[in-house]
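Keep in mind that the numbers below use all heavy atoms, side chains included, and drop hydrogens, waters and symmetry copies. All residue numbers refer to positions in the sequence shown, counting from 1.
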Amino acid sequence: AATPAPDMDGVAAALDAAMANGAPGAMARFTGPDGVRSRTAGVRDRETGAPMDIHARFRVGSVSKTFSTVVLLQLVQEGRLELDQPVNRYLPGLLPDDRITVRHLLTHRSGLSDYTNAMFADTVPGFEAVRNRVFTYQELVGLSLAEPRTTEPGVSYRYSNTNFVVVGMLIEKLTGRPVANAYQKRIFKPLRLRGTSYVHPDTRIAGLHARGYLHPDAAGDPLVDSTEQTVSWAQSAGAVISTPADLNTFTSALMRGRLLSPAMMDAMTTVTPTDATNTRFYGLGLRRYDLSCGTQVFGHTGTVQGFYTYTFSTRDGRRSLSAVANTSNRGVVNTVLGGTLEAAFCGKAPA
Ligand SMILES: CC1(C)S[C@@H]2[C@H](NC(=O)CCCC[C@H](NC(=O)C[NH3+])C(=O)[O-])C(=O)N2[C@H]1C(=O)[O-]
């Protein structure tokens with residue numbers, strides 16, 4: 001079937017819906033066979049009123065997990081570790097269960113609890129308590145291991161940031177360098193992602209950027225400007241900064257096989273369902289969404305204080321979309337922002 005043109009009016013409507021539900025601003029960038037299409041809405045800075053800018057940098061949250069996965073799978077390709085070996089073989093004594101394998105981390109099937117649930121139970125106090133803190137990986141893993149495991153290893157999918165903190169530990173142990181070096185050398189530089197960085201524990205977003213605004217739990221309380229933070233509570237699970245254009249370049253290059261071998265891409269895109277809808281799946285550090293028009297898109301989502309992100313590409317890498325809203329802790333915004341995917345990849349509904 002012919003590739004449908006993106007319905008940019010539909011994309012714009014989803015951005016407007018995000019604003020109508022509390023986002024100060026939103027933006028989306030589609031890259032496809034007929035070139036680039038962008039839409040923006042609202043402001044990137046509530047103080048100055050500066051309009052949202054498609055070139056603005058922002059925090060991508062868990063989209064970082066796909067960057068970390070690419071680095072780790074390159075190390076697997078280089079023979080530095082094996083997917084089905086115990087994590088403890090490479091990080092002796094780290095985990096209390098030798099049955100937890102590297103693959104379990106990348107598929108969220110390790111059973112390691114997600115320490116952020118307790119950390120952010122009270123949204124604003126939780127954020128304020130950690131926004132300037134610097135954690136070691138070991139401290140974060142310690143927070144998780146203080147809580148009961150959620151499943152026996154490999155038995156079921158249970159999303160946990162802890163998995164990708166351990167992925168960061170593996171990368172640093174095997175390369176002998178901070179993860180920032182691996183991101184830069186293996187992804188940012190080769191793909192010329194000049195708007196993408198990993199600056200942990202620096203709290204700033206350099207250059208032209210969107211400010212992020214966290215919705216408080218109590219209705220009527222003011223938005224919290226959450227732009228500056230270390231994101232040390234997430235690091236290799238959530239601390240990358242990027243732009244819509246760079247994320248489209250990244251997902252497209254990934255799908256086109258510019259970062260990993262065909263065999264490794266097959267492994268990465270081998271998925272299991274994450275919910276009962278049978279339209280949402282997870283592979284290795286990668287989500288698959290099956291859209292209403294039958295198109296499957298691969299990428300990741302992100303939720304970090306002040307920013308919601310969707311970044312997905314078709315399996316052939318020919319079409320990519322990144323959509324961002326500069327708010328969080330407002331689920332309806334995240335949901336309506338997701339409407340950009342159907343509009344962009346399925347096009348206008350038949351009349
Ligand atoms: C699975 C998710 C949704 S959560 C996970 C990760 N983000 C976090 O773990 C942060 C959670 C707290 C964020 C905060 N919420 C609260 O504090 C609520 N009390 C807010 O909305 O800013 C990320 O990113 N992933 C998303 C993903 O992968 O899409």
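Alongside L214, the hydrophobic cluster contains V124, F127, V224 (criterion: ILVMFWY side chains under 4.5 Å). Clustering of Ile, Leu, Val, Met, Phe, Trp and Tyr by side-chain heavy atoms under 4.5 Å joins L208 with none of the others.
Atom OG1 of residue T295 and atom CZ of residue F345 lie 8.5 Å apart, to the nearest 0.5 angstrom. Note that the CG atom of N163 and the CG atom of L106 stand 8.5 Å from one another [nearest 0.5 Å]. We find the CD-CZ distance between Q305 and F120 to be 4.5 Å, quoted to the nearest 0.5 Å. Between atom CE of residue M8 and atom CZ of residue F30 there is a gap of 8.0 Å, rounded to the nearest 0.5 Å. Between the CD atom of Q74 and the OG atom of S261 there is a distance of 10.0 Å, given to the nearest 0.5 Å. For the atom pair CZ (F67) and OG (S62), the distance works out to 12.5 Å, reported to the nearest 0.5 Å.
For the residue pair R287/T301, the side-chain donor-acceptor check at 3.5 Å is satisfied. Judged by distance alone, the side chains of H200 and S232 do bring a donor and an acceptor atom under 3.5 Å apart. With 3.5 Å as the limit, one finds no donor-acceptor pair spanning the side chains of T309 and T311. A side-chain N or O of S68 and one of Y183 form a donor-acceptor pair less than 3.5 Å apart. Between T162 and D114, the side chains place no donor N or O within less than 3.5 Å of an acceptor N or O (distance only, hydrogens not considered). Under 3.5 Å, the side chains of N161 and K65 contain a donor-acceptor pair of N or O atoms. A donor-acceptor pair shorter than 3.5 Å cannot be found between the side chains of D84 and T101.
Using a cutoff of 4.0 Å between basic side-chain nitrogens and carboxylate oxygens, D246 and R57 are not scored as salt-bridged. By the 4.0 Å N-to-carboxylate-O rule, R211 lies close enough to D225 to be salt-bridged with it.
The ring pair (Phe, Tyr, Trp, His ring centres under 6.0 Å) pairs that include a residue from residues 139-182 are H108-Y157, H108-Y159, H108-F164, Y157-Y282, where partners are two or more places apart or lie in different chains. Residue pairs meeting the salt bridge (charged side-chain N to carboxylate O under 4.0 Å, His left out) criterion with at least one partner in residues 156-176, sequence neighbours excluded, do not occur; the list is empty.
Not one N or O on the side chain of R103 forms a donor-acceptor pair closer than 3.5 Å with the backbone of I100. Side chain of S144 to backbone of S113: a donor-acceptor contact under 3.5 angstrom is found. No donor-acceptor pair closer than 3.5 Å links the side chain of S328 to the backbone N or O of Y308.
In terms of heavy atoms, M27 sits closest to F58 at CE-CD2, 3.9 Å.
Annotation: cation-pi geometry satisfied between R288 and F281 (NZ/CZ under 6.0 angstrom from ring centroid, within 45° of ring axis).
Residues Y213 and V43 are members of separate hydrophobic clusters, defined by side-chain heavy-atom contacts under 4.5 angstrom among Ile, Leu, Val, Met, Phe, Trp and Tyr.
Considering only heavy atoms from C-beta on, T31 stays 4.5 Å or farther from R318 through its side chain. Counting heavy atoms from C-beta on, the side chains of L105 and L112 come closer than 4.5 Å.
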Could you go through residues 250-260 and list every donor-acceptor pair under 3.5 Å that involves a side-chain atom there, pairing it with any protein atom two or more places apart or in another chain?
from: T251; atom 1: OG1; to: L247; atom 2: O; distance (Å): 3.2
from: T251; atom 1: OG1; to: N248; atom 2: O; distance (Å): 3.3
from: S252; atom 1: OG; to: R256; atom 2: NE; distance (Å): 3.0
from: S252; atom 1: OG; to: G317; atom 2: O; distance (Å): 2.6
from: R256; atom 1: NE; to: G317; atom 2: O; distance (Å): 3.3
from: R256; atom 1: NH2; to: G317; atom 2: O; distance (Å): 3.2

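With sequence neighbours excluded, the residues forming a side chain to side chain donor-acceptor pair (under 3.5 Å) with S292 are E342, listed by chain and number.
In this structure, K185 places its NZ atom where only 12 or fewer heavy-atom neighbours from other residues, nucleotides or ligands lie under 6.0 Å away.
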